[in-house]
Amino acid sequence: MGTTGTFNRRPDDTELKKLISGMTLEEKVGQVFVMRVYGASATDPDQADIDANMTEIGVGTAAELIAKYRVGGIIYFAWAHNTQNPHQIADLSNGIQRAGLTQPRGLPLLIATDQEYGIVERVGVPATLMPGAMALGAGGSRSDAREAARIGGTELRALGIRQDYAPDADVNVNPANPVIGVRSFGADPEAVAGLVAAQVKGYQSAGIASTSKHFPGHGDTATDSHFGFPVIQHTREQWDTLDAPPFRAAIAAGIDSVMTAHIMVPALDASGDPATLSTPILSGILRGELGYDGVVITDSLGMAGVREKYGDERVPVLALKAGVDQLLNPPDLDLAWHAVLDAVKGGELAEDRLDESILRILRMKARRDLFTAPYVTQSGVDRIVGSRAHLAAADRIAEHTTTLLVNEERVLPLSRRTSDDVLVVGADPASPSGTTGPPSTVLAKAFTELGFKATALSTGASGNPSQAVIDQAVAAAAGKDAVVVGTYNVTASGSQRTLVQALVATGVPVIVLAIRNPYDAAYVPGAKAVLAAYSWTDVELRAAVRVIAGRARPRGKLPVAVPTADDPAKSLYPIGYGLSY
């Protein structure tokens, strides 16, 4: 073992157990926590970030957090100013590792983030931004899914991030799902399972610990577990056939970690506990029946779904007792840390049980080379992150995902000879972290770059315009050859539907591009063409424009069914539907 606390080669179980036996109880407790921390630097963040850390954690910096609590991991967020640019991220990662390895009995940290791609990304441009899960589901290519994860994982590793909370293994069978939706590969369990396994292999081939989530399956809920406590009413048989296959596939692919869901599934555990705190679900089904012996991590412990029944002091202890290994982002770290320490000292939680979790965590750190190569280099960042080859691959993969649902009178592909002058009207939701935008501007620019004359008119963040904006769009459409409308979560009663109807009434051909949920297609009658992009990140929007302009063929097929507007039980477009030209 070297002076920095690292090994010359990957340590085996015997060596890891020896490390654990030399740890103090306080150090052991720290290892099971993964915590947020504000700041772009581990030792010298901005004063506002120091103040935020003092308020929320009682320390000023990441280095002080590690010294006081000996946490086993750090989670990066854009809003915590952790991910401003690639060089800064690499420096922060190195500073965090230095802070961990210079402690007595120093250990490397698992630096993690939610880089699902699509609508959930924490590391933005100039990193390569890949299509998200439902887009890949529309593409249907396991090799594309694997390559997207391999490239994404390679870039994350170059930044010092070794655990990615991706891919999402939920099967999104509920169009009203407010929290999963396009984060899922689709509604067909076997198709989702194949893509999950492909991404697990892709991430882990790049040296990243992949995480399938949210066990036992968050795909059929109308409640967001950030703000409430969802209940999934699937029978045990439904769970086996619908929710379980992607998790079985992830485990078969060698997944490093599985994230729990703050949901209740009475058929799996009738106690009323969330799955995160359920011994029957985590120890009985995940570990026992599915045979999983990797790391189990909770979803964020700051979410309402896990806090309502027991409170913040009991949750960490109950999670460990249920079979969890990593406790993610507790709202009050000091309270949670002392609760676990007191539970071990008081005999409620056996120290051996803690040792089991720490061994799994250290195995994962070893497998991801944190004991042998904890640091990253700026030259590696420059060579790998956002490389020309990676960006070209993202564009190529995105082109395989755009789905064409309606093409009346063969209005598409648009020809520059007959449809040169295009108005882009549309929703401009806030960009997924660092993915640029706004969507209407990105779309108009992409048309311009292909030789069209394009102007953009934003209908605001929600997409639901006022009557004045609708009138403005109708006036702007006069004399145009085509209008492209970017829609965002259209509803039966929302004014986006009114906007589309008003534009259709002008007689100018209307092309609708659903920039998030493909379910929008049910609410835009009269549009000459309807396409689904599954995300409003630039890579997806540019690919959609290339399809509309005929520079690429539409190849995506719906990975979910689109129900009719008036009856959610009836399909307007089934799974697998998609036109081409």
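The basis for the numbers below is simple: all heavy atoms, side chains too, and nothing from hydrogens, waters or symmetry mates.
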Of all the heavy-atom pairs spanning [X] and [Y], show the shortest one and how long it is.
X      : Y      : value
Ile263 : Pro216 : CD1-CD, 4.1 Å
Arg183 : Val179 : NH1-O, 2.8 Å
Pro432 : Trp536 : CD-NE1, 3.1 Å
Leu301 : Val306 : O-CG1, 3.7 Å
Leu109 : Ile96  : CD1-O, 3.8 Å
Ala135 : Glu540 : CB-OE2, 3.3 Å

Problem - Worked verdict on Gln378 versus Asp91 for side chain to side chain donor-acceptor pair (under 3.5 Å) - result: CA-CA 8 Å; Gln378 294 294 0; Asp91 284 342; 2.8 Å; yes
SB check [X] [Y] (cutoff 4.0 Å):
X     : Y      : answer
Glu15 : Arg9   : yes
Glu26 : Lys68  : no
Lys17 : Asp355 : no

Has the side chain of [X] got a donor or acceptor atom that lies under 3.5 Å from a matching backbone atom of [Y]?
X      : Y      : answer
Lys365 : Pro108 : yes
Glu155 : Thr128 : yes
His81  : Ser41  : no
Thr154 : Ala206 : no
Arg157 : Ile208 : no
Asp188 : Ala191 : yes
Gln103 : Gly100 : no

Practice task
Dump the intermediate steps for side chain to side chain contact (heavy atoms under 4.5 Å, CB included) on Val258 and Lys213, then the final yes or no.
Solution key: CA-CA 6 Å; Val258 171; Lys213 60 188 184 184; over 6 Å; no
Practice task
Take Arg70 and Lys28 through the test side chain to side chain contact (heavy atoms under 4.5 Å, CB included) and record every step on the way to the result.
Solution key: CA-CA 8 Å; Arg70 298 302 293 271; Lys28 289 180 178 181; over 6 Å; no
Inter-residue atom distance [X].[atom1] - [Y].[atom2], 0.5 Å rounding:
X      : Y      : atom1 : atom2 : answer
Thr298 : His262 : OG1   : NE2   : 5.5 Å
Met23  : Glu351 : CE    : CD    : 10.0 Å
Met259 : Thr276 : CE    : OG1   : 9.5 Å
Ile20  : Lys18  : CD1   : NZ    : 13.5 Å
Gln163 : Leu156 : CD    : CG    : 11.5 Å
Ser387 : Asp382 : OG    : CG    : 11.5 Å

Side chains of [X] and [Y]: donor-acceptor distance under 3.5 Å anywhere?
X      : Y      : result
Ser357 : Arg353 : yes
Glu56  : Tyr38  : yes
Asp273 : Tyr310 : yes

Handout entry: Audit row: Val296, Arg287, side chain to side chain contact (heavy atoms under 4.5 Å, CB included) steps and yes/no
Key = CA-CA 9 Å; Val296 176; Arg287 295 232 188 265; 3.3 Å; yes
Practice task
Take Leu136 and Ile397, measure what side chain to side chain contact (heavy atoms under 4.5 Å, CB included) needs, and give me the verdict at the end.
Solution key: CA-CA 8 Å; Leu136 292 171; Ile397 292 168; 3.6 Å; yes
Practice task
Could you check if a side-chain atom of Ile255 sits within less than 4.5 angstrom of a side-chain atom of Thr211, using non-hydrogen atoms only?
Solution key: no
Exercise for the section: Using the six-membered ring wherever Trp is involved, compare the ring planes of His218 and His214 and label them parallel, tilted or perpendicular (cut-offs 30° and 60°). Expected result: perpendicular
